[in-house]
Amino acid sequence: MTHVETAAADVVAASLEETMTVAAARALAGKHRVFAGIGMPTLAVALAQNTVARDIEVIYESGVCGAHPSELPATIADAVLITGSEAVLSMPALFGYVLQAGRIDVGFLGAAQIDRFGNLNSSVIGDWAHPRKRLPGSGGALEVLANAREVFVVMRRHTPAAFVDRLDFCTSAGPERVLAAGGRPFGLGVTKVFTGFGTLSRSVPGEELELTELHRGVDPDDVVAATGWPLRVASDLQTIEPPTTAELDLLRNEIDPKRVYLR
Amino acid sequence: MNISTFGVDKTMTLTDAVRTYVLPGSTVSLEGFTHAIPTAAGHEIIRQGITGLTLVRMTADIVVDQMLAAGCIDTLVSSFVGNSSAGSLGEIRRRIERSDPAPLTFVEYSHHGLVCRYIAGAKRLPFYPIRSYFGSDLPSVNDELRVVNSPFPLEDGSVERVYVVPPINPDVTVIHAQRADRAGNVQMWGLTGVQAEAVFAARHAIVTVEEIVDDEVVRSDPNRTIIPSHAIDAVVEVPMGAHPSFAQGYYDRDNEFYRAWAGISAEPARLRAWLQEWVYDLTDHQEYVAQLGGETRERLRVGTAPSVPVDYGTRIPR
């Protein structure tokens, strides 16, 4: 496992997963309603609730709003998310009244492939009719990208096969593609991509994702080489501030003491 | 006071319910979003050798992989073909990637798209609008995703274009729930997903339940009823009928089995052996639960977290 240095010498060095989680949590400052997936997004939201965004309401695709689980959930529909939650909605209410109506500030998504505008493929590798690899498909991802105010993508493996010039299949379309197809875009599309190398960002539709933050010790040329399109590097490229002792303590001892997600 | 029962008794065995309502070549919907998946009913469909089905299920997971392997399904309509981060579904991938052992017609949607199809079906509408699909490649592989012009102009006078999906009216919808009365008033709590819409959309509906309860239990909390008895044709008591998924307040999800499925389904011979041991060689779901054993049942046991009862009030005679 890759480790990066921390400022505090008395703390076990933060793992890459921990640093990515902290970077995502910090990006949630000022956000209110967050649509979270399982794994790192759930950790990032929990950390943000304890640090930069105490009033975040976490919403899961299964219909749970305001989850207060007694332990970390194994799936987005885990029974521990239901017990003690603020509301459990039906699918028509969740997808129709909450998501499509534009009530989500930030949606978290993953994908097998992403392009420079944040369009996502979670359907197939290869041709749709005769794929080399069949993936799970949209689920609600297509709706999250179309309807959330903005979307954060988590892609641990930053490789040319995942960060592509051209998607094998566009499952979930960002605002540029929505507009080109004759639709009316609602949100900003993908604004952050958290990867094993750092963070790609953009602020408005039409802009390409560019490298804005690096994990400590990563060479930006390596990130460009691992990206399937000519990746732009921000003129004010930053290094991600290592997790603080307080952030690591929360993650390790309060949020994920059983190491469900943190390995 | 006498408790009168107005409803017809619709209780049946699962064998009879499936034989009566799940016909070869028909369109069958199995719903349950991670919670309360009607697994026992899926196994009974396999056991009876029913084939040629068009299966509709938002999250096509383990039970669909099993029904595919048993040769029940010709066409799959789904918006997610995965095993909830617990590995691959071997049979689905073989069918789609290599047409092995036979091609599968796969009609692909997104979650909200299928939800809207059920809503249209339940309301007997010709189509239902949805603010999805512009820019996605899904319409290029699914010609049921079509665009219409809104008849109502936007404030600037321009015409809004919107995707629509067709209704779905399954010949039969099967769901699992915590409890129902003998007439089929279905009570659920926790995740209720799209079950009500899927039942209202269908021509017939089977509900399997953890327990059949007395009428007065249902009538003590009528808001808990997500489907009234008039929409249900058969009520079947099947304890642990959702295993390996869970029933809120009854038993937990068998995450070990979900993780094991990737290995079981990776090899066709091993998958066939699993079906033999856990479906074909057993008479019914009661034998399946017995075969699971006390250790597994204990592992899935949950503690209690009762809700505070609400007070519906009564009219005071004056």
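These numbers were taken from a predicted model, which means no experiment stands behind them. Chain A is the first sequence line, chain B the second, and so forth, proteins listed ahead of strands; every chain is numbered from 1.
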Flag if over 12 foreign heavy atoms under 6.0 Å of CZ, R297(B): yes
I38(A), part contacting chain B, at a heavy-atom distance under 4.5 Å: side chain
Portion of N121(A) that has a non-hydrogen atom of chain B nearer than 4.5 angstrom: neither
Heavy-atom closest pair, residues R161(B) and A181(A): NH1-O, 3.5 Å
Verdict with supporting geometry, I96(B) and H130(A), side chain to side chain contact (heavy atoms under 4.5 Å, CB included): CA-CA 7 Å; I96(B) 293 180; H130(A) 304 284; over 6 Å; no
S136(B) side chain to C170(A) backbone, donor-acceptor under 3.5 Å: yes
Side-chain heavy atoms of R131(B) within contact of V178(A), under 4.5 Å: no
Which atom of A77(A) lies closest to which atom of F246(B), heavy atoms considered: O-CZ, 3.0 Å
Flag side-chain contact, heavy atom, 4.5 Å: S62(A) against T34(B): no
Contact origin within I76(A) toward chain B - heavy atom pairs under 4.5 Å: side chain
Side chains of V88(A) and W189(B) in contact at under 4.5 Å (non-hydrogen atoms): no
Residues of residues 91-112 of chain A within contact distance of chain B, non-hydrogen under 4.5 Å: M91(A), P92(A), F95(A), G96(A), Q100(A)
Exceeds 12 heavy-atom contacts within 6.0 angstrom, atom CZ of R166(A): no
Chain A contact via F106(B) - side chain, backbone, both or neither, heavy atoms under 4.5 Å: both
Max heavy-atom pair count under 4.5 Å with chain A, selected residue of V147(B), V115(B), N83(B): V115(B)
Residue part contacting chain A, namely of Y109(B), when any heavy atom lies under 4.5 Å: backbone
Minimum heavy-atom distance between G137(A) and F80(B), given as atom pair plus value: O-CD1, 4.4 Å
For S110(B) against S138(A), the heavy-atom pair lying closest together: CB-OG, 3.4 Å
Carboxylate-amine/guanidinium proximity below 4.0 Å for R184(A) and E160(B): yes
Partner chain A: residue of V194(B), V141(B), I226(B) with the largest heavy-atom pair count (under 4.5 Å): V141(B)
Heavy-atom proximity to chain B below 4.5 Å, by part of A141(A): neither
Minimal non-hydrogen separation, A79(A) against D252(B), with atom names: CB-OD1, 4.1 Å
Options L89(B), L154(B), L114(B), V162(B), ranked by heavy-atom pairs under 4.5 Å with chain A, top entry: L154(B)
Minimum-distance pair of heavy atoms, taken over all atoms of E97(B) and R134(A): OE2-N, 2.7 Å
Stepwise side chain to side chain contact (heavy atoms under 4.5 Å, CB included) check, L138(B) with F169(A): CA-CA 9 Å; L138(B) 273 179; F169(A) 186 90; 4.0 Å; yes
Region of I119(B) in contact with chain A, defined by heavy-atom distances below 4.5 Å: side chain
Chain B contact via E61(A) - which portion, at a heavy-atom distance below 4.5 Å: both
Chain B contact via S90(A) - side chain, backbone, both or neither, heavy atoms under 4.5 Å: both
Sub-4.5 Å side-chain heavy-atom contact between I82(A) and H35(B): no
Test item: V64(A) and L191(B) side chains (from C-beta on) under 4.5 Å apart, heavy atoms: yes
Part of L104(B) within contact of chain A (heavy atom distance under 4.5 Å): neither
Pairwise side-chain contact, D78(A) with R253(B), heavy-atom cut-off 4.5 Å (strictly under): no
Residue pair W128(A) / D137(B), side-chain heavy-atom distance below 4.5 Å: no
